[in-house]
2 protein chains.
Amino acid sequence: MVTASKPLRADAARNREKLLAAATQLFAERGLDVPMEHIARRAEVSIGTLYKHFPTREDLVSAIFPERLAALDVIGEKALVDQDPWHAFVVYLEDLYALQAEDRGLNDILARDLPNAPEVVSACHRGAGHAETLIMHAIAGGGLRPDFSITDMATLTRAMAQVIRDSPGEWRRFLSIYVDGLRAQ
Amino acid sequence: MVTASKPLRADAARNREKLLAAATQLFAERGLDVPMEHIARRAEVSIGTLYKHFPTREDLVSAIFPERLAALDVIGEKALVDQDPWHAFVVYLEDLYALQAEDRGLNDILARDLPNAPEVVSACHRGAGHAETLIMHAIAGGGLRPDFSITDMATLTRAMAQVIRDSPGEWRRFLSIYVDGLRAQ
DNA sequence: ACAAAACTTGAGGGCACCCTCGACTTAACC
DNA sequence: GGTTAAGTCGAGGGTGCCCTCAAGTTTTGT
């Protein structure tokens, strides 16, 4: 899958890397809406060069986020080996939102449903798959209220995105109250 | 306080009303960020006239929202006469978010903390006062977890704003889970 | 060292929104 | 009805972002 279709010229390869580095930083700091001009400037490259390498913002996103989203798989798999299904589920939520809180771009991706890039979409689906399994196990184990669904989790995730955006210090507190509402009974 | 400083000319008074009506509609439908041009167009008035009457968006907001925010007082006072303090608190939350769900402009005002207009600010303070009393009573009554604070409520409100924006059908469900997390014990 | 191909550059056109201001219109008062 | 202050109008200037493309530069292969 490394499809090195056409080998880039030396300067082009260098600029591509500088662009990716700049975009990675800025997406994390300021979210996916950061102006293209800012990315080009931080990469010390002209706006035209940015568009040569990445004709759309989507292209940039899909070049960057598959790696970021791999972290989702890591926490998902970590949770799946946990013996206590309720504990696994809670830890998963904590890890997920900690990730979101660290990266505004990731927060944006998980909040809105705009990631049209196929690799991003599939990573999100994998994440949802993990979540669904964890939910089922936690319900079966009797810890999680039986009516909790993946839809509720999506809603929670969007709500958390907002909390993280405007009061980053509050998300753990917010989550802990919500989680108390999730216990069976 | 009706300060009819200078009596408006007949046409001006008419236009002012048309502008207020248009803005009230559009704020409720599309939120506070609706373009000024749209408001003028819906009022069938030129953009210049809009700016003559309301030099800033803030002026428009503070002409419209005090009335809307009075609804907050109504639900606050309704809740305060409820005998059961836990029930009062829960009903207050439900009424509040139902209000938010009906009016995107109100949702915006309560979510972001941008309402600089003095009358809007004071209405929000009154609302927060009611909320704080209800919280104290509900804690004293033993229904609400004792560590719940007005800060938590502000966080919840912003989270709800987001839920209402991107999945208006989900807010009751979301609230009910959160409220389950709020019971004492 | 040269030519061709690949790449870079930034001025500039487009768009959506903001807001202003001078020329026109109209209500109000005599 | 005429005067004039009050009000209306909308073209247009400003900003910030989008994206393109013709002209210039650099790498690569010979």
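The sequence lines fix the lettering, A, B, ..., with proteins before strands; numbering per chain opens at 1.
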Over how many whole Å does the gap from [X] atom [atom1] to [N] atom [atom2] extend?
| X | N | atom1 | atom2 | answer |
| --- | --- | --- | --- | --- |
| B/Tyr51 | D/dG10 | OH | P | 16 Å |
| B/Leu8 | D/dT8 | CG | P | 9 Å |
| B/Leu32 | C/dC17 | CG | P | 16 Å |
| B/Asn15 | C/dT25 | CG | C1' | 13 Å |
| B/Lys18 | D/dT8 | NZ | P | 10 Å |
| B/Arg9 | C/dC29 | CZ | P | 11 Å |
| A/Arg41 | D/dG16 | CZ | C1' | 11 Å |
| B/Arg16 | D/dT8 | CZ | C1' | 16 Å |

Of the nucleotides [options], which has the atom closest to the [X] side chain?
| X | options | result |
| --- | --- | --- |
| A/Ser46 | C/dC19, C/dG10, D/dC19 | C/dG10 |
| B/Asp11 | C/dT26, D/dT27, D/dC19 | C/dT26 |
| A/Glu37 | C/dC7, C/dT9, D/dC19 | D/dC19 |
| A/Ala12 | C/dT8, C/dG10, D/dC17 | C/dT8 |

5'-most contact on DNA chain D (nearest-nucleotide basis), B/His53 vs A/Ala10, goes to B/His53
Nearest-nucleotide check on DNA chain D, A/Gly48 vs A/His38; residue mapping nearer the 5' end is A/His38
Salt bridge or not between [X] and [Y]? Use side-chain N to carboxylate O under 4.0 Å.
| X | Y | value |
| --- | --- | --- |
| B/Asp108 | B/Arg165 | yes |
| B/Arg112 | A/Asp166 | no |
| B/Arg16 | B/Asp11 | no |

Query raised in the report: Is the distance from OP1 or OP2 of D/dG7 to the nearest side-chain N or O of B/Lys52 less than 4.0 Å?
Result: yes
Indicate whether OP1 or OP2 belonging to D/dC9 is found under 4.0 Å from a side-chain N or O atom of B/Thr49.
yes
Under 4.0 Å, heavy atoms only, any strand: does A/Arg57 hit a base, just the sugar-phosphate, or nothing?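 Counting heavy atoms under 4.0 Å across all strands, the contact made by A/Arg57 is with sugar-phosphate only.
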Report which part of the nucleic acid B/Ile47 touches: base, sugar-phosphate, or nothing (heavy-atom distance under 4.0 Å, all strands).
->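 The answer is base, as B/Ile47 lies within the cut-off (heavy atoms under 4.0 Å) of a base atom.
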Would you say A/Asp59 and A/Thr56 are linked by a side-chain donor-acceptor pair, where the criterion is simply a distance under 3.5 Å?
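There is such a pair between these side chains.
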Side chains of B/Thr157 and B/Tyr97: is there a donor and an acceptor less than 3.5 Å apart?
yes
Please tell me which of B/Thr56 and B/Arg14 maps to the more 5' nucleotide of DNA chain C, matching each residue to the nucleotide holding its nearest heavy atom.
->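 The residue whose closest nucleotide sits nearer the 5' end is B/Thr56.
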